[in-house]
Amino acid sequence: MSSQRKQYPFPEFEPKWQNRWEETSAYRTPNPGEPDFDAARPKYYVLDMFPYPSGEGLHVGHPEGYTATDILARHHRMRGFNVLHPMGWDAFGLPAEQYAVKTGQHPAVTTARNIGKFKGQLQRIGFSYDWSREVNTTTPDYVRWTQWIFLQIYHSWFNPVTNRAEPIATYTGDDPDSVRLAYVAEMPVNWCPELGTVLANEEVVDGKSEVGGFPVERRPMRQWMLRITAFGDRLLAGLDALDWPDSIKLLQKNWIGRSEGAFVDFALEGVEAKVTVYTTRPDTLFGATYMVLAPEHTLVAQITTAGQRDAVADYIKTVGSKSERDRQDASREKTGVFTGAYAVNPVNGERIPVWIADYVLTGYGTGAIMAVPAHDERDHAFATKFSLPVIEVVRSTEPVDGCFAGEGVAVNSGILDGLPTAEAKTRITSWLQDRGLGRAAVQFKLRDWLFSRQRYWGEPFPVIWEGGRHRTVGAEELPVRLPELADFKPTGTAEPPLAKATDWVRYSETARRELNTMPQWAGSCWYYLRFCDPRNEDRFVGEEAARYWLGDGGEKPGGVDLYVGGTEHAVLHLLYARFWHMVLHDLGHLPTPEPFQRLVNQGMILGTDGQKMSKSRGNVINPDEVINEYGADAFRLYEMFMGPLEQMKPWSMKGVEGVYRFLARVWRLALHEDQEGQWQLSDAVAEIEPTPAQLRVLHATIKKVTADLGTLSFNTAISQMMVCVNELTAAEKRPVSALRTLLVLLSPFAPHIAEELWERLDTRFGGFTGSAHAQAWPQHDETLLIENEVEIVLQINGKVREKLVVPKDATREQLEAAARSHDGFMAQLAGKDVVKVVAVPGKLVNFVVRG
RNA sequence: GCCGGUGUGGCGAAAUGGCAGACGCAACGGACUUAAAAUCCGUUUUCGCGAAAGCGGAGUGAGGGUUCGAGUCCCUCCGCCGGUACCA
């Protein structure tokens, strides 16, 4: 194939058009206030998840979403929108840093090289990005504003009364550091000694680092945290008004994991302390037959009796040696040990034993539970193993086998007896509250966001330490630039690499800089804002630009009109970005409450073997090779023709050839090859009226392509254009007006060939001035689609027996009469007992017979 | 385990509750060609009958249900893909 002549000369005209678009800044989008800005047009902000520019280059998965958004961007421009369609680089990250460790080359150098490669690849596909808005999260000008946003977060707190972030000045307590949205805490983190860095949870697979497969251990370290949990309720509630896939909303919902329940205080026997537990089932309090503390619970040492001290110490040691993963395996058999201590059940004064067990986690609730083995699977398994008593306190209305964890009616529960679960919950909660023994409580699975990394290649914190206290640098000192380092190798200790830049670290005689850097998510948390106003030197985004491109927060939450990317960011990037956006909105810096109004996930593209593409499987498709072979238009078109955008689907080179042939047919609609092998305008193209059939298919195509673009059904839009081209190919003469419409419809999908044909037709015919992309989107004429006659089917008991052509507006009665006068059909009906006749105009007549 | 998605020809897929398989791939036949490629035209869910035009049956993972009529709606089950995992 590669040695063969191309079916149409895309190797010549595709680069030609790409250059022309670049030279003429064809896709530059002016901002409000600029001379060529047209305020009368509506806005459309369509965004891709920007890539990490890895050394591997682009794979065919990237352009899937990018092509979809490019088609929509082009379509909206043709419909008169001001379209914001930008691209940039999420360029901090571990691979560049590790490459630097290996080679000594500065990450900035490799990053710049990779960006060059990525950008070149994207430009070869002909995307209509406004490259003048390109951003790179690692440039000082971008880092400056990332750090500035950190300052806003640091200098604010969440006011529970107003339910929003406010400047820290409005906090009236005596320890502002305890309420800041950015705070320092000693936290267990994934530390990889081999790599010399902490890793995010998602970078740890089976207790080993994803990169290199080195062991990872949990170790407590001093970390910066962001108080995302304060926004748990709003992050949850805000989902309702967003046009996101339900599955993604559900993922966020589960991740946030809001639950309603109660704190209950248990007195301890012979110890001056109480244990507070969190439960979602306070109604089962009468059934609590023992209590379990997490092995790390602070009271364990205090309450353990002399006799149990060795057993408890042994157990804690065993638990400590287990990997996090082992410990979280729910199917594992329960383990635990008695502390020797007893607690008192506040409702009935029962004395219940206190155990420690690793199935109680220290990070959730209070790290202590009341165990109700009759109505909780885990407690039941534990009680069974250690022969602890089981008391039924909820009765199901239906028979159940095994442990009953559902809702029913309270029994054996004193004041609660006879109450349904929901009522029992409120009753016991107020009972506890009245006596100061407990209170209603809401808990989240969501944890505060661990925001610091012991890495070089990230944003430095704009933070200074002095006398054991932290403070920020002033906004005028931003950006805090990374120091130059010759050696990126890990120190071998927990100390971040920045510690090696001794001059940089030393801020003053007595003050030192923070050594941690921010995680990669920091830059991606707000890049969609910077795109609105990427060169603004006074603000992270200009107020007018933000108000225009994000909307004014009217009826809908507003923000980016359409955001397309993979599902893998469902709970990380998409949650973090919403959190930052909310803080900035609360502080008055942004007009809208949410960042992304509509979200669409593209499905993964699999290898030709139906497996996930990977280097080890050797099934990776390289976009450059496809484009060399078939051209950018065919590549784009195939990516969209494969199947529904959101669906997972395998690659097929034969499929690429199919759309390539289609584009070649479009080419030959207008051109033919002469004796010298030159493409000349075909004589078959003529200024003639389209036939009624051509007109019908043309307008059906306008209608379907337009509708399908609205629902992102690119594959069916393309098949309709194929139908249209097949119709025109079959014709002796091609009406030039039909070609004109077809090229306009095709131009968002296959922009190069559309422009090239448009330009060539302009040499002979009128109506081809300017660019195909600059044309108004066509409108279909419904009257041309209506046929005078329609074919209906005649059915007996729902089975098709005959077909019949009738006037399109025939009534039910006329249809039935027509059926009854159809001899062949009546012959089949002869002798049958017709009980009912269903006639549907334009569709069918169904005779229901008995026997 | 729980949650979500999905299941239609040889393959990718299409079908406001109304003729299942549009469009594309592959395959087969024909035209063009010395020949091939490319291109163009045609056939192509499957089984049975027929020389053929055609006729008849079955058919959207399995089983049930609602309906004049179900790929589409409801119930039960199975497979595959993804997420999540002791969150009290």
Side-chain angles (χ1 to χ4, degrees), chain A residues 1 4-5 7 245-251 253-255 257-259 261 277-281 284 292 325 327-332 334 357-361 363-372 375-379 381-382 405 443-447 567-568 570-571 603-604 606 608 610 612 637-638 641-644 646-659 661-662 664-665 668 673 704 713 715-726 729-730 791-803 835-840 842-849:
Chain A
M1 186 77 211
Q4 274 165 27
R5 235 181 136 259
Q7 288 201 20
D246 285 339
S247 58
I248 298 292
K249 287 189 184 182
L250 201 65
L251 280 173
K253 211 174 207 168
N254 292 341
W255 186 264
R258 184 183 196 273
S259 76
V277 303
Y278 173 71
T279 177
T280 55
R281 292 297 299 271
T284 62
V292 186
R325 184 168 183 91
R327 182 165 167 183
Q328 296 210 337
D329 182 4
S331 61
R332 211 178 92 238
K334 297 277 179 289
D358 65 359
Y359 80 89
V360 174
L361 307 175
Y364 183 79
T366 60
I369 61 156
M370 63 178 209
V372 185
H375 305 291
D376 181 280
E377 302 275 359
R378 297 150 300 180
D379 297 345
F382 192 84
Q443 289 290 301
F444 294 93
K445 279 199 231 176
L446 183 68
R447 308 296 160 82
T567 355
E568 66 272 19
V571 290
M604 207 192 322
L606 306 172
T608 50
K612 200 168 166 174
L637 208 60
Y638 176 65
F641 186 62
M642 291 172 81
E646 278 131 305
Q647 195 169 301
M648 193 188 293
K649 47 223 175 251
W651 188 269
S652 154
M653 277 306 176
K654 288 291 184 184
V656 185
E657 281 186 43
V659 293
R661 278 202 284 263
F662 162 70
R665 274 207 303 280
R668 290 193 308 263
E673 210 170 4
K704 181 139 184 71
S713 308
N715 54 331
T716 49
I718 293 166
S719 63
Q720 180 62 40
M721 288 190 279
M722 288 173 169
V723 170
C724 183
V725 169
N726 290 346
T729 299
E791 189 183 59
I792 63 159
V793 294
L794 305 182
Q795 298 181 326
I796 297 175
N797 283 351
K799 283 197 190 303
V800 179
R801 295 299 165 189
E802 297 290 344
K803 294 179 184 181
V835 282
K836 187 173 176 182
V837 178
V838 182
V840 182
K843 299 282 184 191
L844 52 75
V845 185
N846 186 18
F847 283 71
V848 185
V849 301

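The sequence lines fix the lettering, A, B, ..., with proteins before strands; numbering per chain opens at 1. The analysis underlying the following values was restricted to heavy atoms, covering all of them including side chains, and did not include hydrogens, waters or symmetry mates. In this text, all values refer to a predicted model and were calculated from it rather than measured experimentally.
Taking 4.0 angstrom as the limit, Q7(A) places a side-chain polar atom (N or O) nearer than this to OP1 or OP2 of U39(B). Taking 4.0 angstrom as the limit, Y359(A) places none of its side-chain polar atoms (N or O) nearer than this to OP1 or OP2 of A88(B). Here T567(A) does not reach the OP1 or OP2 of G82(B): none of its side-chain N or O atoms lies under 4.0 Å away.
Comparing the same atom, C1', in C47(B) and in C41(B) gives a spacing of 29 Å after rounding to whole Å. A distance of about 24 Å separates the C1' atoms of G82(B) and U76(B), rounded to the whole Å. Rounded to the nearest Å, the gap between the C1' atom of U43(B) and that of G21(B) is 16 Å. Nucleotides U60(B) and G65(B), compared at atom P, are 15 Å apart to the nearest Å. The separation of A27(B) from U45(B), taken at their C1' atoms, amounts to 14 Å, rounded to a whole angstrom. Here, U84(B) and G12(B) have their P atoms 27 Å apart, quoted to the whole Å. Comparing G9(B) with A14(B), their P atoms sit 14 Å apart, to the nearest whole Å. A distance of about 13 Å separates the P atoms of U16(B) and G71(B), rounded to the whole Å.
Shown here, C25(B) forms a base pair with G10(B); the pair counts as Watson-Crick or G-U wobble because both key distances fall under 3.5 Å. Across all strands shown, the partner of G82(B) is C3(B), judged by Watson-Crick or G-U wobble contacts whose two distances both fall under 3.5 Å. As the counterpart of G63(B), C75(B) is assigned, both hydrogen-bonding distances of the Watson-Crick or G-U wobble pattern falling under 3.5 Å. Base pairing annotation: C40(B) forms a Watson-Crick or G-U wobble pair with G30(B), both donor-acceptor distances under 3.5 Å. Across every strand in view, A35(B) sits unpaired, with no contact that passes the Watson-Crick or G-U test at under 3.5 angstrom. Across all strands shown, A52(B) remains unpaired; no Watson-Crick or G-U wobble contact has both distances below 3.5 Å. Across all strands shown, G18(B) forms a Watson-Crick or G-U wobble pair with C68(B), both key distances being under 3.5 Å.
For F662(A) and G24(B), the CZ to C1' distance is 11 Å, given to the nearest whole Å. For the pair M721(A) CE and G24(B) P, the computed distance is 13 Å after rounding to whole Å. Taking atom NZ of K445(A) as the reference point, atom C1' of A85(B) lies 8 Å away to the nearest angstrom. Distance CG (D246(A)) to P (G4(B)): 10 Å, rounded to an integer number of Å. Spacing between atom CG of L250(A) and atom C1' of G83(B) amounts to 10 Å, rounded to whole angstrom units. A88(B) atom C1' lies 14 Å from atom CZ of F382(A), rounded to whole Å. The CD1 atom of I248(A) sits 14 Å away from the C1' atom of U84(B) (whole-angstrom rounding). Nucleotide A88(B) holds its P atom 14 Å from the NZ atom of K334(A), rounded to whole Å.
Looking at Y638(A), its side chain never comes within 3.5 Å of a backbone N or O of G658(A) through a donor-acceptor pair. Side-chain atoms of S713(A) do not come within 3.5 Å of backbone N or O of T716(A) as any donor-acceptor pair. Side-chain atoms of R668(A) do not come within 3.5 Å of backbone N or O of Q7(A) as any donor-acceptor pair. Without hydrogens or angle criteria, K649(A) side chain to Q647(A) main chain gives a donor-acceptor distance under 3.5 Å.
Here the closest non-hydrogen pair linking R447(A) and Y364(A) is NH2-CB, 3.9 Å. Taking every heavy atom of both residues into account, Y278(A) and T366(A) meet most closely at N-OG1, 3.7 Å.
The M722(A) side chain lies nearest to C23(B) when the options are A88(B), C23(B), A38(B). Distance from the side chain of R801(A) is smallest for G57(B) among the nucleotides C3(B), G57(B), A88(B). For S719(A), whose side chain is taken as the heavy atoms from C-beta onward, the closest listed nucleotide among A22(B), C86(B), A88(B) is A22(B). Ranking C86(B), G4(B), G24(B) by closeness to the S247(A) side chain, first place goes to G4(B).
Legend: residues meeting side-chain hydrogen bond (donor to acceptor under 3.5 Å, both in side chains) with T729(A), ordered by chain and number and at least two apart, are absent.
Using a 4.0 Å heavy-atom cutoff across all strands shown, K803(A) reaches at least one base atom of the nucleic acid. The residue T280(A) sits close only to the backbone: its heavy atoms come under 4.0 Å of sugar-phosphate atoms, none of a base. Across all strands shown, V723(A) has heavy atoms under 4.0 Å from sugar-phosphate atoms exclusively, and none from any base. Residue contacts for S259(A): at a heavy-atom cut-off of 4.0 Å it reaches the sugar-phosphate backbone alone, with no base atom in range. Within 4.0 Å of N726(A), counting heavy atoms only, lie sugar-phosphate atoms of the nucleic acid but no base atom.
Of the residues near RNA chain B, I718(A) and L251(A), the one whose nearest nucleotide (by heavy atom distance) lies more toward the 5' end is I718(A).
For the side-chain contact (heavy atoms from CB on, under 4.5 Å) criterion with E802(A), the lone passing option out of L794(A), I796(A), I792(A) is L794(A).
Base orientation for G4(B): anti, the chi torsion being more than 90° from 0.
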- Message: Between D379(A) and M370(A), is the side-chain contact (heavy atoms from CB on, under 4.5 Å) condition met? List the steps.
- Response: CA-CA 9 Å; D379(A) 297 345; M370(A) 63 178 209; over 6 Å; no
- Message: Using side-chain contact (heavy atoms from CB on, under 4.5 Å), reason through F382(A) and D376(A) one step at a time and then give a plain yes or no.
- Response: CA-CA 10 Å; F382(A) 192 84; D376(A) 181 280; over 6 Å; no
- Item | Evaluation steps, side-chain contact (heavy atoms from CB on, under 4.5 Å), between N797(A) and V848(A) | CA-CA 5 Å; N797(A) 283 351; V848(A) 185; 3.7 Å; yes
- Take F847(A) and R801(A), measure what side-chain contact (heavy atoms from CB on, under 4.5 Å) needs, and give me the verdict at the end. CA-CA 10 Å; F847(A) 283 71; R801(A) 295 299 165 189; over 6 Å; no
Please produce a list of atom pairs where a protein N or O lies less than 3.5 Å from an N or O of nucleotides 26-30 of chain B.
unit_1, atom_1, unit_2, atom_2, d
A26(B), OP2, R661(A), NH2, 3.2

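Counting heavy atoms from C-beta outward, T567(A) and M604(A) have side chains that stay 4.5 Å or more apart.
Counting atom types as modelled, K836(A) pairs no side-chain N or O with a base atom of C68(B) as donor and acceptor under 3.5 Å.
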- Go along nucleotides 10-18 of chain B 5' to 3' and tag each nucleotide: B for a protein heavy atom under 4.0 Å from its base, S when only backbone or sugar atoms are that close, - otherwise. --BSS-B-B
